[in-house]
**Student:** 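Take a look at this one; I'll ask things after.
Lettering follows sequence order; numbering is per chain, from 1.
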Protein chains: 2
Amino acid sequence: MITSQPECDKVTPLTDTDRTTPAFAPHDHSACEARALDEAADRLAEQGGRMTPVRRRTLEILLESHRAMGAYEVLDRLAAEGFGRQPPVAYRALEFLVEHGLAHRLQRLNAFAACLHPGHDHAPAFLICRACDKLAELPAAPVRAALADLAGETGFAVERVTIEAVGLCPACAENPAGAEA
Amino acid sequence: MITSQPECDKVTPLTDTDRTTPAFAPHDHSACEARALDEAADRLAEQGGRMTPVRRRTLEILLESHRAMGAYEVLDRLAAEGFGRQPPVAYRALEFLVEHGLAHRLQRLNAFAACLHPGHDHAPAFLICRACDKLAELPAAPVRAALADLAGETGFAVERVTIEAVGLCPACAENPAGAEA
DNA sequence: CCTAACCATGTTACATGATAACAAGTCAAC
DNA sequence: GTTGACTTGTTATCATGTAACATGGTTAGG
Ligand SMILES: [Zn+2]
Ligand SMILES: [Zn+2]
Ligand SMILES: [Zn+2]
Ligand SMILES: [Zn+2]
């Protein structure tokens, strides 16, 4: 089950729970954040991209919560910290992160989220909690395989797939009021 | 294979090809269009919605091509035909169609497309050709099942899923120039 | 028939999301 | 130290989506 979908096993050993529910389950988030930043730096070194101040700060902002953030929400944060206050500032940093596999774009929300497994290329499925806005990345290989089967019958050549589910995370399902931060 | 995913078999018998590749394969499109309109009317009768002039015209516009259209593109068409020229006119009609299962919203494109199988509730996967912009609806039951398995492990309760693939349709794969209309 | 309630349609104004085009600063290579 | 690639910033504009309100039609009761 694990071998079919390579996940981050180079920097820190992860339990099975870590792989699929890091956002919903309580966890040591500062470690979570630090690990993602480390892996991001590694990945950029391999790829040749430059981790500049705006880009790093943008990634840190995305990593603070397990939520997707709108570009303008990110921009406000950047502007407040002395970076530029015009939309392209945020869009360019976000675009860079997405292109280098350090963040994902969420189509359903017109928003962006830090990638939790930046160690390698991957195209996960997302679970978006409509109550607390948290986000989980799932290994989507089986889902993609099912889709590829169907598409193959029609002769359609799939290049990129978006798989995003909206629903309730375990915490919010139990406690329909405000879930814990 | 067919029984697990109910598809339109009440109005016109459909071949297997009709079910999955109506947009990419050459076909009698005016029949295709007429059938979808009929089924839409039936469905609305069951549900109690009113098929008013703007709504009908909006659906017809979406049905003309097997493409997704932006709300403002629809609005231009409506305005040119004497309907209102302000955004809410188009958005309201489109929202109505989506709510009643007569059209779909494409997240990747910020756009809308007529449903080709409005006979019943369904949540298909979409194949979007990046060359000719045509669109196909696939029965997504197997894909959804694969996703439900994964989500179930995390305790996440999936409510709605978006599955959209971008790629090349058979015609455009053969002929990278402009495919036939 | 008249009216109240509801819904559909239209408007204005605004909020949010995204990009084009250009100017200026940084930095390494030569 | 100058060239050239890249990064960051700006202004201006476009695209997408909604809130709030006014008007007009349909319909059920009186
Ligand atoms: Zn975390
Ligand atoms: Zn939640
Ligand atoms: Zn057709
Ligand atoms: Zn095509």
**Student:** Measure CZ/A:Arg85 against P/D:dT8 and give the value in whole Å, please.
**Tutor:** 17 Å

**Student:** Below 4.0 angstrom from OP1 or OP2 of C:dA8, is there any side-chain N or O of B:Arg56?
**Tutor:**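 Checking B:Arg56 against C:dA8: no side-chain N or O falls below 4.0 Å of OP1 or OP2.
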
**Student:** Would you call the rings of B:Phe24 and A:Phe156 parallel, tilted or perpendicular, taking 30° and 60° as the class edges?
**Tutor:** parallel

**Student:** Spell out yes or no: do the side chain of B:Arg92 and the base of C:dG10 have one donor N/O and one acceptor N/O closer than 3.5 Å?
**Tutor:** yes

**Student:** What's the CE-P distance between A:Met51 and C:dT26, to the nearest Å?
**Tutor:** 21 Å

**Student:** B:Tyr91 has an atom OH; how far is it from atom P of C:dT11, in whole Å?
**Tutor:**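 Interatomic distance, OH of B:Tyr91 to P of C:dT11: 16 Å.
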
**Student:** In terms of relative ring orientation, are B:His104 and B:Phe126 parallel, tilted or perpendicular, with 30° and 60° separating the classes?
**Tutor:** perpendicular

**Student:** Kindly point out which of D:dT7, C:dT9, D:dG9 is positioned nearest to the side chain of B:Arg55?
**Tutor:** C:dT9

**Student:** Among the nucleotides D:dT18, D:dC6, C:dA18, which one has an atom lying closest to any side-chain atom of A:Tyr72?
**Tutor:**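 Of all the options, the side chain of A:Tyr72 is nearest to C:dA18.
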
**Student:** Answer yes if B:Met69 and B:Phe96 sit in the same cluster of Ile, Leu, Val, Met, Phe, Trp and Tyr residues linked by side chain heavy atoms under 4.5 Å apart, and no otherwise.
**Tutor:** yes

**Student:** Could you state the CG-C1' distance from B:Leu75 to C:dT11, rounded to the nearest angstrom?
**Tutor:** 13 Å

**Student:** State which of D:dT7, C:dA18, D:dT8 makes the closest approach to the side chain of A:Arg50.
**Tutor:**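 Among the listed nucleotides, the one closest to the side chain of A:Arg50 is D:dT7.
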
**Student:** Nearest whole angstrom, please: distance from the C1' of C:dA8 to the NE2 of B:His100.
**Tutor:**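 Distance check: B:His100 NE2 to C:dA8 C1' gives 13 Å.
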
**Student:** What is the distance, rounded to the nearest whole Å, between atom CZ of A:Phe112 and atom C1' of C:dA18?
**Tutor:** 9 Å

**Student:** Closer to the 5' end of DNA chain C via nearest nucleotide, is it A:Gln86 or B:Gly82?
**Tutor:**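 The 5'-side residue here is B:Gly82.
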
**Student:** Could you say whether B:Pro88 or B:Leu109 is positioned toward the 5' end of DNA chain D, judged by the nucleotide with the nearest heavy atom to each?
**Tutor:**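 Checking each residue's closest nucleotide, the 5'-ward one belongs to B:Leu109.
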
**Student:** Counting only pairs under 3.5 Å, give me each side-chain donor-acceptor contact of residues 79-86 of chain B, with atom names and distances, residues two or more places apart or in other chains.
**Tutor:**
{"from": "B:Glu81", "atom 1": "OE1", "to": "B:Arg57", "atom 2": "NE", "distance (Å)": "2.6"}
{"from": "B:Glu81", "atom 1": "OE2", "to": "B:Arg57", "atom 2": "NE", "distance (Å)": "3.4"}
{"from": "B:Glu81", "atom 1": "OE2", "to": "B:Arg57", "atom 2": "NH2", "distance (Å)": "3.2"}

**Student:** Work out which heavy atom in A:Ala113 is nearest to a heavy atom in A:Leu62; give both atom names and the distance.
**Tutor:** C-CD1, 4.0 Å

**Student:** Between B:Asn110 and B:Phe83, which is nearer to the 5' end of DNA chain C once each is assigned its nearest nucleotide?
**Tutor:**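 Going by which nucleotide is closer to the 5' end, it is B:Phe83.
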
**Student:** Measure from the side chain of B:Pro87, starting at C-beta and using heavy atoms only, and say which of D:dG17, C:dG17, C:dA8 lies closest.
**Tutor:**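 For the B:Pro87 side chain, the nearest candidate turns out to be D:dG17.
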
**Student:** D:dT16 C1' sits how many Å from B:Arg108 CZ, rounded?
**Tutor:** 17 Å

